[in-house]
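Worth saying up front: this structure is predicted, and the values here are computed from it rather than measured.
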Amino acid sequence: MARLKNLAGLRAAGIDPYPARARRTHSIAAARALYAQEGETRQPVTVTGRLRRIRVMGKMSFADLEDGSGSLQLVLRRDALPGDFYDVVWKRLIDLGDFIGATGPLVVTKTGELSVEVQEVQFLSKTLKPMPDKWHGMRDPEKRYRRRSVDLLANPPVRDLFRTRAAIVRAVRTYLDNEGFLEVETPILQPLYGGAAARPFVTHHNQLHQDLYLRISFELYLKRLIAGGYDRVYEIGRDFRNEGVSFKHNPEFTQLEFYEAYADYQDVMRRTEEMVSFVAQQVNGSPLLTWQGQTVDLTPPWRRIPLRQAILDATGIDYENYPDAVSLADAMHRFGHEPDPRSSWGKLVDSLMAKHVEPNLIQPTFLIDYPRDVSPLAKGSPDDPRQVERFEGFLVGMEICNAFSEINDPIDQLQRFVDESYRARHGDDEAHPIDEAYLEALSYGMPPTGGFGMGIDRLTMLFVDADTIREVILFPHLRTVKEEEVAEGELAEGDGEP
RNA sequence: GGGCUCCUAGCUCAAUUGGCAGAGCAACGGCCUUUUAAGCCGUGGGUUCUGGGUUCGAGUCCCAGGGGGCUCACCA
């Protein structure tokens, strides 16, 4: 391997291939700013970074140096460099991808490219693997996700994507902090899971001889904080759901939840559109986004459609006419659908929505007023016992958030949990377990509260025009490969060679 | 989990009916003091994902396995 030979060559030349320290006077962005202010400099600057391209033209070379702030051309002349550095070190021992520092004045070349006229080079770090194709980068999705560091260094747009993601999270925090919400952290390892309809991951605490669940939501803990006297709380963190993987599902994902005392689901709906359009303004400078060729306008107010109406429009089925699972499933059959015979009435309604309504909700839309029996934590509508005060928000054909007026009647909540445990006994492995600690907290009293949960990954997909959630998660879940051929044997073997 | 589909050099991709595994970039050797996907001349580079099978002959066809992508089911 040529690079290992060059590594040994550097050592032989008395150059430490992995020094502990780098000197630099300017980031590349700062060097560019300096030029913008002062023009060509007499005083040398020192910039550091990775060599992305090298163009050797005999006794003179051009190279592109890249750091986290940008990239800058280096001009190296044999005559301007000390001793035989140019011929021996630069042309022989330094490879594409190596990190170096370069010192010299800022100049502009004949073709107008701002450059460092290099007088001195410090070697900073040796690269042993070849860089991916300089033009095509690395495209194979599997390679990109498994070797994300290579993806990031080869494909600059990917680096920008995760900056955007960070900006989104920052903007969400800014919004909620400004609105008086307190950011809190609640347990990820939970003795009892809850707050969503999903199967959990199970783990075990050895010393306590106790099985624990990785949380599927933050909901119940956050509401215990509302009961405890904080009026506005939020948490941004990871949820874990033991479910399938798809373009919009990763086993762990980033969730925002907030709870607001003295608010109902209508208040939360208004806050949702306000918050998301604020984020768009902060991150994007505009409420208009382009996603997969479609323009999405986040300007409030968003459309509000009762779930019943949306399903009626999309399928011709008015579920109010079929008040039980049997008759609704029968109606679905007649309209050419294939309902899961084990589903409850509410799950049938939900499946009609997911299949026939959700994919068409490109512009931001709230579906409101959900069936009670798929919403065990949502407060019932005063005028319809079968419905709850709940909404879900949709964008680009995906559900991005879910919210409701929270049940604060401990006896009502107990009854819902009992209903859920009935479902669990009849084979629903996503039924909500009874949470005594939560019920106890409610028994001490919780004000009327609006609650909200939103998938940050999916929101990010909209902002960065991604068509799969894997694109917006740095290390998405992939199966582990049997023999991950890490090049250790290869390295050890080659290292012995001169 | 089911269905469909893909896996070839470090990277991006070719390879006719089943007939000598190739190109560009990268690497290596040479020329080159204003290039920016630099250029020109030359060289090396392969467990064609793995294991079986059919065949005179398999990257190509068949079977099993691994991994990816899409999709259905389920979940946010």
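At the heavy-atom level, Asp151(A) lies nowhere under 4.0 Å from the strands shown. Looking at heavy-atom distances under 4.0 Å, Gln255(A) makes no contact with the nucleic acid at all. Val75(A) comes within contact range of no nucleotide atom at all, as no heavy-atom separation falls under 4.0 Å. Note on Gly137(A): only backbone sugar-phosphate atoms sit closer than 4.0 angstrom, heavy atoms only; bases stay farther off. Using a 4.0 Å heavy-atom cutoff across all strands shown, Ala197(A) reaches sugar-phosphate atoms only and no base atom. At the heavy-atom level, Ile400(A) lies nowhere under 4.0 Å from the strands shown. Counting non-hydrogen atoms under 4.0 angstrom, Arg144(A) reaches nothing in the nucleic acid. Residue contacts shown for Asp140(A) are limited to sugar-phosphate atoms, with no base heavy atom under 4.0 Å away.
Among C74(B), C13(B), C25(B), the nucleotide with an atom closest to any side-chain atom of Glu243(A) is C74(B). Of the candidate nucleotides A26(B), U35(B), U34(B), U34(B) has the atom lying nearest to any side-chain atom of Arg77(A). Which of A27(B), A37(B), C11(B) sits closest to the side chain of Arg3(A) comes down to A27(B). Here C11(B) is the nucleotide among C11(B), C32(B), G69(B) with the atom lying nearest to any side-chain atom of Met138(A). Of the candidate nucleotides A73(B), U34(B), G68(B), U34(B) has the atom nearest to the side chain of Met60(A). For Lys134(A), the listed nucleotide lying nearest its side chain is A37(B); candidates were G68(B), C13(B), A37(B). Relative to the side chain of Arg470(A), the nucleotides C13(B), C70(B), G67(B) differ in distance, and C70(B) lies closest. The side chain of Phe62(A) sits closest to U35(B) out of G67(B), U35(B), A27(B). With G67(B), A73(B), U34(B) as the candidates, the nucleotide lying closest to the side chain of Thr109(A) is U34(B). In this structure, of G68(B), A27(B), A38(B), it is A38(B) that holds the atom nearest to the side chain of Arg53(A).
Side-chain contact check for Glu260(A) versus Arg271(A): some heavy-atom pair is nearer than 4.5 Å. Looking only at side-chain heavy atoms (C-beta outward), Met332(A) and Thr315(A) stay at 4.5 Å or farther from each other.
Taking atom C1' on both G3(B) and G18(B), the two are 29 Å apart, rounded to the nearest angstrom. Taking the P atoms as reference points, C70(B) lies 24 Å from A64(B), given to the whole Å. Here the separation of A9(B) from G24(B), taken at their C1' atoms, is 12 Å to the nearest Å.
Relative ring orientation between Phe417(A) and His432(A) is described as parallel, the plane-to-plane angle staying below 30° on a 0-90° scale split at 30° and 60°. Note: Tyr234(A) and Phe181(A) have perpendicular aromatic rings, judged against thresholds of 30 and 60 degrees for the angle between ring planes.
Dashed line: the shortest gap from a side-chain N or O of Arg147(A) to OP1 or OP2 of G10(B) is not under 4.0 Å. Using a 4.0 Å cut-off, some side-chain N or O of Lys143(A) falls inside it from OP1 or OP2 of C11(B). Taking 4.0 angstrom as the limit, Arg92(A) places a side-chain polar atom (N or O) nearer than this to OP1 or OP2 of G29(B). When the side-chain nitrogen and oxygen atoms of Lys59(A) are compared with OP1 and OP2 of U33(B), one or more of them lie within a distance under 4.0 Å. Listed pair Arg55(A) / A38(B) meets the phosphate criterion, a side-chain N or O lying under 4.0 Å from OP1 or OP2.
Residues Ile54(A) and Arg139(A) each lie close to RNA chain B; by heavy-atom proximity, the contact nearer the 5' end of the strand is made by Arg139(A). Ranked by how close their nearest RNA chain B nucleotide is to the 5' end, Lys91(A) and Ala198(A) are led by Lys91(A).
Ser61(A) contributes no side-chain N or O that forms a donor-acceptor pair with the base of U35(B) under 3.5 Å. Between the base of U34(B) and the side chain of Glu113(A) there is no donor-acceptor pair shorter than 3.5 Å.
A donor-acceptor contact closer than 3.5 angstrom links the side chains of Tyr145(A) and Glu471(A). Looking at Arg77(A) and Gln119(A), their side chains never bring a donor and an acceptor atom within 3.5 Å of each other. Neither side chain, Tyr422(A) nor Asp428(A), offers a donor N or O lying under 3.5 Å from an acceptor on the other.
Across all strands shown, G46(B) has no partner, as no Watson-Crick or G-U wobble contact with both distances under 3.5 Å is found.
Within 6.0 Å of CZ on Arg42(A) lie no more than 12 heavy atoms contributed by other residues, nucleotides or ligands.
Of the residues listed (Arg390(A), Arg308(A), Met269(A)), the one engaging Ile368(A) in a side-chain contact (heavy atoms from CB on, under 4.5 Å) is Met269(A), and it is the only one.
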Nucleotide N/O of nucleotides 43-46 of chain B paired with protein N/O under 3.5 Å:
none

